[in-house]
Amino acid sequence: MKKPEHFAFVLVPEFTHIAFSCAIEPLRIANLVSGEELYKWSLISENGETATCSNDIVTVVHHGYDSVPECDRLFILSGINVQNHVSQPLLNLIRKARVSKAKLGALCSAAFIMAKAGLLDGKRAAIHWDFHDGFMEDFPEVSLVSSVFVADESIVTASGGTATADLMIHLIAEQHGNELAVAVADQMVYNAVRESSAEQRVSLQSRHGMRNPHLVKAIQMMNENIEAPQSPALIAEEIGISTRQLERLFGRYLNCSPKKYYVDLRLQKARNLLVQTDQSVTEIALACGFESPGHFSRVYRSKFGITPTTQKSTIG
């Protein structure tokens, strides 16, 4: 009988439990459905005893960082506050694994850790959409994608949540055929398995029930011009409608004005950068199209009830 493929999972503090379950369960079900031990797995944490995820569930692990077993694939799994958990022992573990026979992977926010280790330069990578803004600022040399996973690079990455199941089912299909992969998905009652090219986030049209191409184009322009905001009049002219028509579209579908929607977009990106990067408040204000740090601070406080400086000081 062929030796089972060994997957090892490094559980970084505050890892996401849904991604963890979606990583392990397809492997377990593949063994169950096939009637063979196709896969085995090991869990690893820094203390070698337990790992605590973001919902405070404590998981018993098999190994510490100093006793990582030989394996075929080694995945790093992290979650919220990933920046606070990039320790030197973890980076050493990853760099050591890089020269072993194990294939590396990163789940949920763990592409951030791989990038910190310098292993994603020039590669395509997926990370949970909530980390995109900070990641692109910190690692411009990495080709970040918005798809659910990337499996055709030397380091595979998945954006977390159920995207982890998509990746695992993809790997099962590669090794053991599509029939087994479909059987695993059926056992999971998972009838919407996605290809790697699928987008992480629900489309704007689906989220708001919108089918108006002018509104979609307007919002696309806003997203593409965060640093140098365009006026509603210029946006309307670009998409071929009047400013009044643009106002009506935003009011009808989003219950707000174009100006408010645009400011909220910029503030959300600013919040992501405050939480996820070491950039100064001034740098973030300029990156998000605010004319001065003072103006930025006033608008930010009005939206979130806290100043950018205080927001930044609460992280860590």
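We're numbering straight along the sequence, starting at 1.
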Undergrad: Is a side-chain donor or acceptor of Ser302 paired with a backbone partner of Arg298 at a separation under 3.5 angstrom?
TA: no

Undergrad: Do the non-hydrogen side-chain atoms of Phe7 and Ile24 ever get within less than 4.5 Å of each other?
TA: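 Result no, sub-4.5 Å side-chain heavy-atom pair not found.
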
Undergrad: Kindly give the heavy-atom pair with the smallest separation between Pro258 and Met222, and that separation in Å.
TA: O-CE, 3.6 Å

Undergrad: Which atom pair, heavy atoms only, marks the closest approach of Ala23 to Met168?
TA: O-CG, 3.7 Å

Undergrad: Please confirm whether the backbone N or O of Ile18 pairs with a side-chain atom of Thr16, one donor and one acceptor, at under 3.5 Å?
TA: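 Such a contact is absent between Thr16 side chain and Ile18 backbone.
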
Undergrad: For the CG atom of Asp66 and the CD atom of Glu46, what is their distance to the nearest 0.5 Å?
TA: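 So the CG of Asp66 and the CD of Glu46 are separated by 9.5 Å.
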
Undergrad: Give a yes or no on whether Leu144 and Leu167 share a hydrophobic cluster (residues Ile, Leu, Val, Met, Phe, Trp, Tyr; joining criterion: side-chain heavy atoms under 4.5 Å apart).
TA: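 Cluster IDs for Leu144 and Leu167 differ.
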
Undergrad: Taking Lys312 for its side chain and Thr307 for its backbone only, find out whether a donor-acceptor pair lies under 3.5 Å.
TA: no

Undergrad: Checking salt bridge (Lys or Arg N to Asp or Glu O under 4.0 Å) between Glu5 and each of Arg73, Lys40, Lys103, which is the one that passes?
TA: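 Exactly one pass, corresponding to Arg73.
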
Undergrad: Rounded to the nearest 0.5 Å, how far apart are CG of Leu267 and CZ of Phe304?
TA: 5.5 Å

Undergrad: Ignoring hydrogens, what is the shortest heavy-atom contact between Leu38 and Ser34? Give both atom names and the distance.
TA: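 The answer is CD1-OG, 3.4 Å.
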
Undergrad: Does any N or O in the side chain of Glu227 come within less than 3.5 Å of the main-chain N or O of Asn225, such that one atom is a donor and the other an acceptor?
TA: no

Undergrad: Applying the 4.5 Å side-chain criterion to the ILVMFWY set and letting contacts propagate, would Leu27 and Leu74 be lumped into a single cluster?
TA: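 No; Leu74 is not reachable from Leu27 via cluster members.
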
Undergrad: With Ser42, which residues qualify under side chain to side chain donor-acceptor pair (under 3.5 Å), at least two apart?
TA: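 In terms of side chain to side chain donor-acceptor pair (under 3.5 Å), with neighbours along the sequence ignored, Ser42 is linked to His6.
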
Undergrad: Closer than 3.5 angstrom, by distance alone: can the side chain of Gln83 be matched with the main-chain N or O of Gln276 as a donor-acceptor pair?
TA: yes

Undergrad: Has Ser45 got a side-chain atom pairing as donor or acceptor with Thr50's backbone, closer than 3.5 angstrom?
TA: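 Judged by distance alone, yes, a pair lies under 3.5 Å.
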
Undergrad: If only atom types and distance count, is the side chain of Asn272 paired as donor or acceptor with the main-chain N or O of Gly134 below 3.5 Å?
TA: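 No; judged by distance alone, with no hydrogens or angles, the pair does not exist.
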
Undergrad: Could you pull out every donor-acceptor pair under 3.5 Å between side chains of residues 89-98 and any protein atom, sequence neighbours left out?
TA:
residue	atom	partner	partner atom	Å
Asn92	OD1	Gln88	NE2	3.0
Asn92	ND2	Gln88	O	3.4

Undergrad: I need the His132 NE2 to Ser146 OG distance, nearest 0.5 Å.
TA: 6.5 Å

Undergrad: Enumerate donor-acceptor pairs with a distance under 3.5 Å from any side-chain N or O in residues 53-63 to protein atoms, sequence neighbours excluded.
TA:
residue	atom	partner	partner atom	Å
Asn55	OD1	Ile57	N	3.1
His62	ND1	Leu43	N	2.8
His63	ND1	Ser67	O	3.2

Undergrad: For Glu291 and His295, which heavy atoms make the closest approach, and how far apart are they?
TA: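 Result for this residue pair: CG-ND1, 3.7 Å.
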
Undergrad: For Val150, what are the other residues in its hydrophobic cluster, where any two members join if their side-chain heavy atoms are less than 4.5 angstrom apart?
TA: Val145

Undergrad: Quick one: do His85 and Ser78 satisfy side chain to side chain contact (heavy atoms under 4.5 Å, CB included)? Show the steps, please.
TA: CA-CA 9 Å; His85 303 302; Ser78 56; over 6 Å; no

Undergrad: Mind checking ring-ring contact (aromatic ring centres under 6.0 Å, His included) for Tyr262 and listing every partner two or more places apart, or none if nothing turns up?
TA: none

Undergrad: Membership question, hydrophobic clusters at under 4.5 Å side-chain separation (ILVMFWY): are Val82 and Ile127 in the same one?
TA: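 Yes; tracing contacts between hydrophobic side chains, which count when under 4.5 Å, links both residues.
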
Undergrad: State yes or no: do Ile76 and Phe139 share one hydrophobic cluster built from I, L, V, M, F, W and Y residues joined by side-chain heavy-atom distances below 4.5 Å, directly or via other members?
TA: yes

Undergrad: Report yes if some heavy atom in the side chain of Ile80 is under 4.5 Å from a heavy atom in the side chain of Ser109; otherwise report no.
TA: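 Answer no - side chains too far apart.
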
Undergrad: With sequence neighbours left out, write down each residue that passes side chain to side chain contact (heavy atoms under 4.5 Å, CB included) with Glu283, or none if nothing qualifies.
TA: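 Gln279, Ser280.
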
Undergrad: Output a table of donor-acceptor pairs, distance under 3.5 Å, between side-chain atoms of residues 172-181 and any protein atom two or more places apart or on a different chain; print 'none' if there are none.
TA:
residue	atom	partner	partner atom	Å
Glu174	OE2	His170	NE2	3.4

Undergrad: With a 3.5 Å distance limit and no angle check, can you tell me whether Asn212 reaches the backbone of Leu215 through a side-chain donor-acceptor pair?
TA: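 Indeed, once roles are kept as given, a pair shorter than 3.5 Å links the two residues.
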
Undergrad: Applying ring-ring contact (aromatic ring centres under 6.0 Å, His included), can you list everything that pairs with Phe296, at least two apart in sequence or on another chain?
TA: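 ring-ring contact (aromatic ring centres under 6.0 Å, His included) list for Phe296, sorted by chain: Phe290, Tyr300.
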
Undergrad: For Arg28, enumerate each residue passing the side chain to side chain contact (heavy atoms under 4.5 Å, CB included) test, keeping only those at least two apart in sequence or located in another chain.
TA: Glu25, Leu32, Trp41

Undergrad: Of all the heavy-atom pairs spanning Val148 and Ala126, show the shortest one and how long it is.
TA: O-CB, 4.2 Å

Undergrad: State yes or no: are the ring centers of Phe9 and Phe20 separated by less than 6.0 Å?
TA: no

Undergrad: Side chains of Cys288 and Leu273: closer than 4.5 Å at any heavy-atom pair?
TA: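 Yes - at least one pair of side-chain heavy atoms lies under 4.5 Å apart.
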
Undergrad: Between Leu246 and Ile239, is any pair of side-chain heavy atoms under 4.5 Å apart?
TA: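 Yes. Closest side-chain heavy atoms under 4.5 Å.
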
Undergrad: What salt bridge (Lys or Arg N to Asp or Glu O under 4.0 Å) pairs are there with at least one residue in residues 245-265, not counting sequence neighbours?
TA: Lys260-Asp264, Asp264-Lys303

Undergrad: Group every Ile, Leu, Val, Met, Phe, Trp and Tyr by side-chain heavy-atom contacts under 4.5 Å, then state whether Leu107 and Leu11 land in the same group.
TA: yes

Undergrad: Could you report the tightest heavy-atom contact between Leu104 and Leu119, atom names first, then the distance?
TA: CD1-CD1, 3.9 Å

Undergrad: With sequence neighbours left out, what residues match Tyr65 under ring-ring contact (aromatic ring centres under 6.0 Å, His included)?
TA: none

Undergrad: Tell me the salt bridge (Lys or Arg N to Asp or Glu O under 4.0 Å) pairs involving residues 146-162, sequence neighbours left out?
TA: Arg124-Asp152

